[in-house]
**Student:** 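Dumping the structure here so I can ask a few things about it.
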Amino acid sequence: MDVFTNYLARIQNQQQRDCMAGLLQWMEDQFPKLTPRLSWNQPVYTSHGTFIIGFARARHYLSVVPEPQGIAHFRDTIESRGYSCSNEQICMRWDMPLDYHLLEALIRFNLKEKAGCHTFWRTPQPS
């Protein structure tokens, strides 16, 4: 998690910093083979050079970015759990507990679907 030390230190809101630190530690514990990196000033995880999931901090929510295909696949579950989403991101409000089961399902979906992918993003991107 050393790659994210400076990123976490810049988060002024203690609740958000603690939540993000807990999430990043969970990622390290649950998915130690994923490669963590800071891209676009946000935590991103890759596998064999392909994007698996990213996280971004917004004022009122944590933005979870698994690529549009993952959101489309889990849209009913995402919405039934009380999260809002677009085709590009899932918004998990800071005042709600993070759904680690959903996050794990999204990550495992991407790992399976992108096992043979040799590009950073899936191609072509859906519109």
**Student:** Scan the side chains in residues 36-43 for donor-acceptor partners under 3.5 Å anywhere in the protein, sequence neighbours excluded, and list what turns up.
**Tutor:**
residue: Arg37; atom: NE; partner: Ser39; partner atom: OG; Å: 2.9
residue: Asn41; atom: OD1; partner: Arg10; partner atom: NH2; Å: 2.9

**Student:** Is the shortest heavy-atom distance from the side chain of Arg75 to the side chain of Asn87 under 4.5 Å?
**Tutor:**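 The answer is yes; the side chains approach within 4.5 Å.
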
**Student:** Measuring from atom CG of Leu34 to atom NE2 of His48, what distance do you get when rounded to the nearest 0.5 angstrom?
**Tutor:** 10.5 Å

**Student:** Give the minimum heavy-atom separation between Pro66 and Ile71, together with the two atoms involved.
**Tutor:** CG-CG1, 3.7 Å

**Student:** Are Phe55 and Ile11 linked, directly or through other ILVMFWY residues, by side chains that come within less than 4.5 angstrom of each other?
**Tutor:** yes

**Student:** Tell me the closest heavy-atom pair linking Glu79 and Cys85, and the distance in Å.
**Tutor:** OE2-SG, 4.0 Å

**Student:** Find out whether Met96 and Tyr61 are in side-chain contact, i.e. whether some heavy atom of one side chain is under 4.5 Å from a heavy atom of the other.
**Tutor:** no

**Student:** Between Ala21 and Leu8, what is the shortest heavy-atom contact and its length?
**Tutor:** N-CD2, 3.8 Å

**Student:** Just verifying a value: how many Å separate Asp95 CG and Cys19 SG, rounded to the nearest 0.5 Å?
**Tutor:** 10.5 Å

**Student:** State whether Glu67 and Lys114 are salt-bridged, where the test is any N-O pair (Lys NZ or Arg NE/NH1/NH2 against Asp/Glu carboxylate O) under 4.0 Å.
**Tutor:** yes

**Student:** Identify the two heavy atoms, one from Glu88 and one from Pro68, that lie closest to each other, and give their separation to 0.1 Å.
**Tutor:**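 Between these two residues, the closest heavy atoms are OE2-CG, 3.9 Å.
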
**Student:** Mind checking whether Leu62 and Gln16 have side chains closer than 4.5 Å, heavy atoms only?
**Tutor:**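 No, every pair of side-chain atoms sits at 4.5 Å or beyond.
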
**Student:** What's the spacing between Cys117 SG and Leu111 CG if we round to 0.5 Å?
**Tutor:**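 Going from the SG atom of Cys117 to the CG atom of Leu111 covers 12.0 Å.
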
**Student:** Quick check: closest heavy atoms across Leu106 and Gly70, and the distance to 0.1 Å?
**Tutor:** CD2-O, 3.7 Å

**Student:** To the nearest 0.5 Å, what is the distance between CG (Asn110) and CD1 (Ile52)?
**Tutor:** 5.0 Å

**Student:** For the pair Gln69 and Arg122, evaluate side-chain contact (heavy atoms from CB on, under 4.5 Å) and give the outcome as yes or no after the intermediate values.
**Tutor:** CA-CA 9 Å; Gln69 294 83 350; Arg122 285 179 176 94; 3.2 Å; yes

**Student:** Aromatic rings Phe31 and Trp26: how do their planes relate, parallel, tilted or perpendicular, breaks at 30° and 60°?
**Tutor:** perpendicular

**Student:** Check the surroundings of atom CZ in Arg93: do more than 12 heavy atoms from other residues, nucleotides or ligands lie under 6.0 Å from it?
**Tutor:**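 Open.
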
**Student:** Atom CD1 of Ile53 and atom OH of Tyr45: how far apart are they, to the nearest 0.5 Å?
**Tutor:** 9.5 Å

**Student:** Can you check whether Gln89's main-chain N or O pairs, donor with acceptor, with Ser86's side chain at less than 3.5 Å?
**Tutor:** yes

**Student:** Could you tell me if the side chain of Tyr100 sits less than 4.5 Å from the side chain of Gln30, heavy atoms only?
**Tutor:** no

**Student:** Would you find more than 12 non-hydrogen atoms of other residues, nucleotides or ligands less than 6.0 Å from Gln14 atom CD?
**Tutor:**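 Enclosed.
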
**Student:** Would you check if Trp121 and Thr50 make a side-chain contact, meaning some heavy-atom pair closer than 4.5 Å?
**Tutor:**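 The answer is no, as the side chains (C-beta and beyond) never meet within the 4.5 Å cut-off.
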
**Student:** How about Val64 and Leu102: do any of their side-chain heavy atoms sit closer than 4.5 Å?
**Tutor:** no

**Student:** Atom CZ in Phe4, atom CE in Met27: separation rounded to 0.5 Å?
**Tutor:**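 Those atoms lie 8.5 Å apart.
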
**Student:** For His118 and Gly116, indicate whether the former's side chain and the latter's backbone hold a donor-acceptor pair under 3.5 Å.
**Tutor:** yes

**Student:** Given side-chain contact (heavy atoms from CB on, under 4.5 Å), test Leu103 with Leu23 step by step and report yes or no.
**Tutor:** CA-CA 10 Å; Leu103 293 173; Leu23 171 61; 3.7 Å; yes

**Student:** Which atoms form the tightest heavy-atom contact between Tyr83 and Asp99, and what is the distance?
**Tutor:**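 So the two residues come closest at OH-N, 3.2 Å.
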
**Student:** Test Phe74 against Phe109 for ring-ring contact (aromatic ring centres under 6.0 Å, His included), laying out the working first.
**Tutor:** CA-CA 10 Å; Phe74 290 99; Phe109 173 82; 5.7 Å; yes

